[in-house]
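Worksheet for the structure shown next.
For the numbers below, each heavy atom of this structure counts, side chains included, while hydrogens, waters and symmetry mates do not.
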Amino acid sequence: MASHRKSDMSAVPDVRRAVCSDPRPARRSWRDALCLSASTLSLLIALGSGAQAQDQQDAEPARAAGWQYSANTNAAFTLTDNVLLTQLDPESDFITTLTAGVQVFNETRGGSIDLDYQLNYDFYVNTDELNGFRHNLLTQNTFNLVDDLFFLDVNASVREQAASRNLRTPATTRTINGDQIMVLTGAIAPYIDTTIAGRVGVFARVDYSTVSFRRPDVSGSSGSGDDDTIWSGNFMVNELDQDKRLHWEFSGQASADDDNFEQQGASAALRFNVRQNLKLLTRGGYDKSSGRLNGFDVDDVFWRVGFEFEPVRDAFIRLEAGERYGGPSYDALIRYDVAKALKINASFVQKLQTDQDRIIGMVNDFITVSNSPFVGIRYEDPNPEAALSSGVVIDDELISTSTLGETAQVTLTGALGRVGYSLSGYYRTREYDLILVSGEVLEDETTGASFSLSRDFGRRTSAGLGVQYADEESNYTDADFAFLVTDFGDVAANLTNNIDSITGNAFVSYMLSPTAQVSLNYSRSEREDQDGVKVEENAFMLTITKVW
């Protein structure tokens with residue numbers, strides 16, 4: 001495989017790594033495959049963070065080449081006290097979830113194939129109208145068509161998630177009566193990645209991506225969504241010798257989708273090595289983009305200046321400031337591995353994109369931090385499931401509005417003996433391409449935090465807990481609702497202007513054998529809107545998993 005497939009985050013990667021970070025998720029061993037049970041999967045969602053996922057990938061042992069297969073079966077038994085997710089007169093129910101899954105992996109010099117498919121069936125004792133199937137698929141494949149020159153990426157996914165920003169979010173992953181949607185994504189990307197005389201890197205890539213929305217097996221009145229196809233291309237030519245006093249790079253990109261949202265741009269960047277641990281950065285270029293409804297038409301130059309600094313070993317700081325998208329623009333990345341007990345990651349990211357583009361980016365499994373010419377790390381959205389549910393829905397469909405978003409995030413992770421922990425906080429603001437009746441641009445902001453703690457009690461037993469909190473607010477009002485109904489049709493409830501949510505999860509698991517596991521899980525979900533309407537749920541789950 002080409003060298004760009006290996007990313008060393010302890011040092012400053014070269015420019016090609018900034019665009020071509022390894023998109024494959026962490027490999028799973030036979031024992032790790034047990035974690036595909038419904039309870040463990042929901043726990044990972046609750047406790048996960050971008051830094052944890054990256055740490056797992058960095059610490060992952062090498063796997064043998066050749067074809068590897070595994071299959072898993074899972075039986076989960078759940079007792080919930082609010083099966084219909086109502087505020088008044090909640091009803092309890094007992095749910096049996098049966099899961100069958102298959103994993104296929106192959107990696108050779110000619111590329112890699114990775115497929116993971118899970119089929120779930122939920123059976124309710126009292127609420128039988130919710131009985132039905134759920135599908136989850138993720139496949140990410142890379143083919144080296146011409147040795148160390150021409151490559152092809154093929155990715156796809158199928159998953160179900162909330163379709164609107166309302167209070168109907170269950171404490172466990174299962175079918176519910178409405179507000180769920182099936183999201184299908186696919187992407188194919190041929191690209192060239194090579195060097196000239198060992199000194200100049202050349203990268204050129206074309207992406208064809210699609211996202212579509214389907215009603216799941218069990219669904220209420222939720223709409224489908226606005227399917228989208230996105231074409232994009234980018235190229236980069238850069239100096240590879242990192243030790244040279246002056247390092248240069250030229251790049252360009254262009255994209256377009258079915259709804260005529262277009263973006264083009266080009267940039268040039270220089271990095272000047274003042275000394276071994278200090279580098280000055282300068283970058284400038286041109287942006288052009290066309291919004292759909294009322295704004296985000298950009299046709300302007302941009303610039304940034306900044307620096308990279310490594311004050312001590314295992315510490316890295318990059319700060320940039322300038323002007324872009326018609327206003328001030330900033331980009332920041334801080335990483336400090338104090339010791340195994342504490343790793344600090346902080347970032348500030350600004351991005352202009354559509355909701356559909358965000359969803360496709362998650363399937364490709366990496367979004368580079370801004371467009372920095374010298375540092376590219378995997379940027380994990382702190383709330384990826386909100387890509388669809390926070391969009392603007394008109395006439396029961398997610399319309400392709402563009403958003404200009406800024407996200408600041410800080411994550412602390414570490415391990416003390418057998419105890420691992422993660423603490424994360426983030427703040428995100430977004431401006432939508434939609435004007436309210438007041439004449440203001442539709443905006444929202446989210447403040448969130450999460451905490452997780454896990455401990456191994458010997459070789460067979462482990463336990464953990466986690467909490468997530470999010471406060472979502474927007475400047476959307478009842479007057480705007482009346483305006484949108486009059487001019488555009490019905491508007492779904494995901495435009496509510498304030499939702500507070502908190503979820504908690506605790507588990508204990510025991511390895512019956514190297515290929516079998518039993519786990520007990522408790523989950524609680526609580527969501528409240530601006531009118532004081534609150535929905536709460538408690539759920540207990542017993543899961544038995546077997547890997548074949």
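Distance check, rounded to the nearest 0.5 Å: OG of S424 to CG of L412 gives 8.0 Å. Here the CD-OG1 distance, from E91 to T127, works out to 6.0 Å after rounding to the nearest 0.5 Å. Of the inter-residue distances, the one linking N74 atom CG with T97 atom OG1 reads 8.0 Å to the nearest 0.5 angstrom. A distance of 13.0 Å separates CZ in R159 from OG1 in T173, rounded to the nearest 0.5 Å. Rounding to the nearest 0.5 Å gives a distance of 9.5 Å between OG1 of T503 and CZ of R527. One finds the OG1 atom of T99 at 8.0 Å from the CG atom of L119 (value rounded to the nearest 0.5 Å).
Without hydrogens or angle criteria, D217 side chain to F133 main chain gives a donor-acceptor distance under 3.5 Å. Q530 places a side-chain N or O within donor-acceptor distance of the main-chain N or O of N498, the cut-off being under 3.5 Å. Judged purely by atom type and a 3.5 angstrom limit, E537 uses its side chain to pair as donor or acceptor with the backbone of A171. A donor-acceptor distance shorter than 3.5 angstrom exists from the side chain of D529 to the backbone of D531, with no hydrogens or angles considered. Distance alone, capped at 3.5 Å, is enough to place a donor-acceptor pair between the R174 side chain and the V83 backbone. Side-chain atoms of S513 come within 3.5 Å of backbone N or O of A516 as a donor-acceptor pair. R460 places a side-chain N or O within 3.5 Å of a backbone atom of M511 that can act as its donor or acceptor partner.
Side-chain atoms of E160 and N136 include no donor-acceptor pair closer than 3.5 Å. With no hydrogens or angles considered, no side-chain donor-acceptor pair links Y191 and D207 at under 3.5 Å. Between the side chains of N120 and Q118, no donor-acceptor pair is found at a separation under 3.5 Å. In this model, a donor atom of one side chain and an acceptor atom of the other lie less than 3.5 Å apart for T139 and N141. Side-chain N/O atoms of W548 and T73 include a donor and acceptor closer than 3.5 Å. A side-chain donor-acceptor contact under 3.5 Å links S157 and T185. Residues S523 and N505 have side chains that bring a donor and an acceptor to within less than 3.5 angstrom of each other. Side chains of S462 and S509: a donor on one and an acceptor on the other come within 3.5 Å. In summary, the side chains of S92 and D81 do not present any donor paired with an acceptor at a separation below 3.5 Å, with no hydrogens or angles considered. Between S232 and S255, the side chains place no donor N or O within less than 3.5 Å of an acceptor N or O (distance only, hydrogens not considered). Side-chain contact of Y69 with Q103: a donor-acceptor pair under 3.5 Å is absent, judged by distance alone.
Using a cut-off of 4.0 Å between Lys/Arg side-chain N and Asp/Glu carboxylate O, R428 and E443 are scored as not salt-bridged.
Between Q468 and S450, the shortest heavy-atom contact is CG-CB, 3.6 Å. Closest approach of V218 to G132, counting heavy atoms only: CG2-CA, 3.6 Å. Residue A506 comes nearest to N521 through the heavy atom pair O-OD1, 3.2 Å, listed as atom of the first residue, atom of the second, then distance.
Applying the salt bridge (charged side-chain N to carboxylate O under 4.0 Å, His left out) test to every pair with at least one member in residues 505-524, sequence neighbours left out, gives these pairs: R524-E526, R524-E536. The list of salt bridge (charged side-chain N to carboxylate O under 4.0 Å, His left out) pairs with a residue in residues 119-129, not counting sequence neighbours, reads D122-R134.
Applying the side-chain contact (heavy atoms from CB on, under 4.5 Å) test between I188 and each of D153, L152, N155 identifies L152 as the sole match. Looking at N131, T175, T96, D93 one by one, the single match for side-chain hydrogen bond (donor to acceptor under 3.5 Å, both in side chains) with Y124 turns out to be T175.
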* To do: Any chance you could lay out the side chain to side chain contact (heavy atoms under 4.5 Å, CB included) test for H135 and M182, step after step, and finish with the verdict?
  => CA-CA 8 Å; H135 302 267; M182 182 182 294; 4.0 Å; yes

* So L184 and L137, side chain to side chain contact (heavy atoms under 4.5 Å, CB included) or not? Walk me through it. -> CA-CA 9 Å; L184 296 84; L137 168 70; over 6 Å; no

* To do: Decide side chain to side chain contact (heavy atoms under 4.5 Å, CB included) for Q68 and N106; before the verdict, give the C-alpha distance in whole Å, the side-chain angles of both, and the deciding distance to 0.1 Å.
  => CA-CA 6 Å; Q68 298 182 43; N106 177 265; over 6 Å; no

* Asked: Hey, mind stepping through T446 and D471 against side chain to side chain contact (heavy atoms under 4.5 Å, CB included) and telling me if it holds?
  -> CA-CA 6 Å; T446 303; D471 178 18; over 6 Å; no

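Using a 4.5 Å cut-off on side-chain heavy atoms (C-beta onward), I95 and T80 make contact. Side-chain atoms of D456 and T461, non-hydrogen and from C-beta on, never get closer than 4.5 Å to each other. Between Y510 and L512, the closest side-chain pair of non-hydrogen atoms falls below 4.5 Å. Counting heavy atoms from C-beta on, the side chains of T411 and Y426 never come closer than 4.5 Å. V508 places none of its side-chain heavy atoms less than 4.5 Å from the side chain of F457. Looking at S212 and R214, their side chains come closer than 4.5 Å, going by heavy atoms from C-beta outward. With contacts defined as side-chain heavy-atom distances shorter than 4.5 Å, the pair V158/V183 does not qualify. You'll find the side chain of P170 reaches within 4.5 Å of the side chain of L85, heavy atoms only.
Aromatic ring orientation, F77 versus F94: parallel (interplanar angle below 30°, classes split at 30° and 60°).
For Y208, the ring pair (Phe, Tyr, Trp, His ring centres under 6.0 Å) partners at least two apart in sequence or on another chain are W231.
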